[in-house]
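Below: one structure, written as structure tokens.
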Amino acid sequence: MVATMGRSSTLAARTSRAAFFATSSWPWITRIRFSWISTTNRAHAFGSRWYRVSSFTSPLLEAGRHRPGKKCCQTLASKLTVEDRQRQPAIARHPIPMTTHRIASLLRAQPLGESVTVNGWVRTRRDAKTFSFLEINDGSCLKNLQVIAEASLPNYEAEIARLATGCAVRVTGELALSPAKGQAVELKAREVTVYGWADPESYPLQKKRHSFEFLRTISHLRPRTNALGAVARVRSVLSQAVHDFFKERGFFYIHTPIITTSDCEGAGEMFTVTSFDLDQPPKSHGKVDFSQDFFGRRTSLTVSGQLEAEIYALALGNVYTFGPTFRAENSNTSRHLAEFWMIEPEMAFCDLAGDIDVAEALLKHLVQRALTECREDLDLFGQFIDQGLIGRLENVLANPFIRLPYSEAIERLKASGHDFEFPVEWGLDLQSEHERYLTETIFAQPVVVTDYPKAIKAFYMRQNDDGRTVAAMDILFPGIGEIVGGSQREERYEVLLARLTESGLPLADYQWYLDLRRFGSAPHAGFGLGFERIVQFVTGMANIREVIPFPRTPGSAGF
RNA sequence: UCCCAGGUAGCUCAGUCGGUAGAGCUGGUGGCUGUUAACCACCCUGUCGGGGGUUCGAGUCCCUCCCUGGGAGCCA
């Protein structure tokens, strides 16, 4: 975990990120802007250039002009082998053919009669008497583009007739109306170029349905399936929608630390971050001596950015975080990950009601964006994953969320007469079965439970005037359970101090947190939204491991 | 971490009373066809999750570990 990131690795990070988002027609070539301060002469260098990016991770630079201070470029360029140069030069010089299209926009615009080029992966090939049908998917949308490849094409026998599921190809031809049912348009191929073969004997993805469990074992190939590709697009759209929501409302995006020394009490077990040789860590009095560790003290991966977000809320007003979060809990469920992404808004001069307003608006905004921007993908989920999906999403938008104090929730559960496995009693935490009964059976829509007993909630939540509850809220979604947890924060110094003390937390570690209440304290509130849980809700995927590209769970951290 | 159910061909699964394994799909070959999860015929494929034990003999019974699914706890 030691931060020894050198110049070249910095560039690598930027390059792979840019490649990931590149709209370039050639997936391994991308244009990248860069700038840095030269370590030798302090000169500022900047520019942009085409890079060949291998496997999206290690950048190799095109040989080309240099500026002072670009040592890393030369080093990387030297790694481009002669073979690489011979294989790629034509494409590298003309990285974006003017006629290249993404399938999504082709199907939308349907430029009939025009010559177009698409890049993508073969989903299936079917042979007719004098030609073959190819179905090409380029990831831009769920739909494939049907290609007609006549047997008269020069490489028909040698290549096209041998294409199988998974092969990467480029097809140039004319877009035409399709005479048969099933698709509006098709591409009459003039040229089919094979970028990469996929041996049908060993390529794991077959022309049939696979279980999600199996696909998880091939996480490097599963985004090439309809369902997981759709999840990836929805996740991206939702991610962007989070930022749009807060930007429209004047929130600032704050990057809170991933390596942290603060434990957000109640947020679970933490992963230790160390640079020690774990076979021989320095010890003192029989215990590991973290004062000799990289940071001079014990550090962990963050379980929440909330405490740091409060600092910035009490300076900038309204802020939010959106980043990776880590919990070392041994949770084996379809709703938990050891590494997940959390959205944590924090608003100054805001009470619990305002907090709920923002959370409700955010959730509705995300559902709305998915419905309008990902309708085709959502229809797939509605058809194959969860028949009631679209209706449930529209139901979220249709009504205000039910707001229910904990005490009333207890009364409603008791009055229901339903036989629960766990007792329903004021002062006891709501069990999953209770939460589900509230949101799925009694109300059949999102429910916000507020004002929980203070004994079962975290130290930082604001005490209500009744002396026995705190201004906390959980938003419960049908099928998901708790999707949001939040509260108004305790802004009164004396009250917070008392709560910290009775919670047995080391005051020294929270001095800065107490300081926020000593200097210009103000009412403030916030919440945490588990990003994967909203992706789960929107897609209807049963297991949270399907809505993050590379799930980390107990006993599993592959890829 | 606890309770329950599973792990058998590339995938999804069957496998009786303990006698060393089958089906469908995928893939391959051939045929047919503006096809579209194409269709028809034929063919190939196994460390039965790992380790240990009982037995003449274990996919099958026992122990143990790992993994997966469902539920619970923890939470987002």
Side-chain angles (χ1 to χ4, degrees), chain A residues 123-135 143-150 162 164-166 176-183 186 188 198-218 221 225-226 264-269 303-306 322 324-344 359 363 384 421-422 429-436 456-458 474-477 480-486 527-537 542-545 547-548 553-556 558:
Chain A
R123 280 295 175 81
T124 175
R125 190 197 84 231
R126 292 180 294 270
D127 296 327
K129 200 163 194 175
T130 58
F131 61 94
S132 289
F133 296 99
L134 301 176
E135 294 231 17
K143 285 205 177 76
N144 304 324
L145 179 64
Q146 175 162 290
V147 170
I148 309 297
E150 298 283 350
R162 288 167 45 216
T165 309
L177 279 175
S178 179
K181 288 179 181 173
Q183 60 283 315
E186 62 190 22
K188 304 271 191 196
D199 174 22
E201 295 274 1
S202 49
Y203 186 61
L205 287 174
Q206 303 172 355
K207 215 160 42 175
K208 54 177 261 189
R209 274 178 141 173
H210 291 287
S211 67
F212 289 122
E213 290 97 286
F214 169 67
L215 291 176
R216 223 179 285 145
T217 68
I218 49 166
L221 298 171
T225 63
N226 285 339
C264 193
E265 190 252 0
E269 297 296 313
V303 292
S304 168
Q306 179 201 315
F322 183 9
T325 309
F326 307 86
R327 305 260 167 104
E329 296 287 353
N330 194 0
S331 297
N332 291 292
T333 81
S334 56
R335 310 181 299 284
H336 288 87
L337 292 165
E339 176 183 279
F340 64 102
W341 286 63
M342 187 153 64
I343 300 148
E344 295 181 286
L363 290 165
F384 293 108
E421 188 186 342
F422 291 92
D429 209 353
L430 294 178
Q431 301 290 317
S432 279
E433 57 168 345
H434 306 143
E435 295 182 342
R436 277 211 312 274
I456 58 173
K457 287 293 183 182
D474 284 354
I475 300 185
L476 312 176
F477 263 34
I480 301 288
E482 184 181 342
I483 197 164
V484 162
F527 62 87
L529 165 62
F531 184 60
E532 282 75 18
R533 290 202 179 159
I534 188 68
V535 180
Q536 239 188 311
F537 182 75
N543 197 313
I544 202 167
R545 300 171 196 205
V547 300
I548 189 167
T553 50
S556 176

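Scope of the values below: all heavy atoms of this structure, side chains included, with no hydrogens, waters or symmetry mates. Letters A, B, ... mirror the listed sequences (proteins, then strands); counts begin at 1.
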(request) For B:C25 versus B:A38, give the span between their C1' atoms, rounded off to a whole number of Å. (result) 15 Å
(request) Please check the phosphate of B:A72 (OP1 and OP2 only) for any side-chain N or O of A:R436 closer than 4.0 Å. (result) yes
(request) Using the P atom as the reference point in each nucleotide, state the distance between B:U64 and B:U1 in Å, no decimals. (result) 15 Å
(message) Testing the basics here: between A:I483 and A:L529, what is the closest heavy-atom pair and its distance to 0.1 Å?
(response) O-CD1, 3.4 Å
(request) Can you figure out which of B:G69, B:A76, B:G73 approaches the side chain of A:T333 most closely? (result) B:G73
(request) Can you measure from OG1 (A:T325) to CD (A:E532) and round to the nearest 0.5 angstrom? (result) 8.5 Å
(message) Distance check needed: B:G71 C1' versus A:H336 NE2, whole Å only.
(response) 14 Å
(request) For B:C63 and B:C4, measure between their P atoms and round to the nearest Å. (result) 13 Å
(message) Please give me the minimum heavy-atom distance between A:D474 and A:G486, naming the atom from each residue.
(response) OD1-N, 4.4 Å
(request) In whole angstrom, give me the gap between the C1' atoms of B:G7 and B:G46. (result) 15 Å
(message) For the C1' atoms, the ones on B:G10 and on B:U26, what distance do you get once it is rounded to whole angstrom?
(response) 7 Å
(request) Sort out for me which residue in A:R216, A:Q536, A:R335, A:E213 forms a side-chain contact (heavy atoms from CB on, under 4.5 Å) with A:N543. (result) A:R216
(message) Could you tell me how far B:U33 sits from B:C40 if I compare only their P atoms? Round to whole Å.
(response) 16 Å
(message) Base of B:C11, side chain of A:H210 - is there a donor-acceptor contact under 3.5 Å?
(response) no
(request) Pull out every stem in RNA chain B, meaning runs of 3 or more consecutive Watson-Crick or G-U wobble pairs with both distances under 3.5 Å. (result) B:1-7 with B:66-72, B:10-13 with B:22-25, B:27-31 with B:39-43, B:49-53 with B:61-65
(message) What's A:R162 touching, base or sugar-phosphate or nothing? Going by heavy atoms closer than 4.0 Å.
(response) nothing
(message) Across nucleotides 22-35 of chain B, 5' to 3', mark each nucleotide with B, S or - according to how protein heavy atoms within less than 4.0 Å reach it.
(response) --BBSSS----BBB
(request) Give a yes or no on whether a donor-acceptor pair under 3.5 Å exists between the nucleobase atoms of B:C74, that is its base, and the side chain of A:S331. (result) yes
(request) Could you check how far CG of A:N332 sits from C1' of B:C75, rounded to whole Å? (result) 14 Å
(message) I'd like to know if A:R533 pairs up with A:E482 as an ion pair, taking the criterion as any Lys NZ or Arg NE/NH1/NH2 lying under 4.0 Å from an Asp or Glu carboxylate oxygen.
(response) no
(request) Please measure how far the P atom in B:G69 lies from the corresponding atom in B:U12, and state the result in whole Å. (result) 13 Å
(request) Report the distance from atom CD of A:E213 to atom C1' of B:A5, rounded to the nearest whole Å. (result) 13 Å
(request) Mind checking A:R123 for me? I need base, sugar-phosphate or nothing, with any heavy atom below 4.0 Å counting as a touch. (result) nothing
(request) Find the distance A:E339:CD to B:A76:C1' and express it as a whole number of Å. (result) 14 Å
(request) Give the rounded distance in Å between these two atoms: CG of A:N543 and C1' of B:G70. (result) 11 Å
(message) Any base atoms under 4.0 Å from A:L337, or only sugar-phosphate, or nothing? Heavy atoms, all strands.
(response) base
(request) Could you state the atom-to-atom distance from CZ of A:F422 to P of B:G71 in whole Å? (result) 14 Å
(request) To the nearest 0.5 angstrom, please state how far the CD atom of A:E339 sits from the CZ atom of A:F326. (result) 4.5 Å
(message) In whole Å, measure the gap between the P atoms of B:A41 and B:U47 for me.
(response) 29 Å
(request) Please work out whether the ring planes of A:F131 and A:F133 are parallel, tilted or perpendicular, with thresholds of 30° and 60°. (result) perpendicular
(message) Rounded to whole Å, please give me the gap between CZ in A:R533 and P in B:C75.
(response) 11 Å
(request) Could you state the atom-to-atom distance from CD of A:E421 to C1' of B:G73 in whole Å? (result) 11 Å
(request) Quick one: label A:R335 by what it contacts on the DNA or RNA (base, sugar-phosphate, nothing), any heavy atom closer than 4.0 Å. (result) base
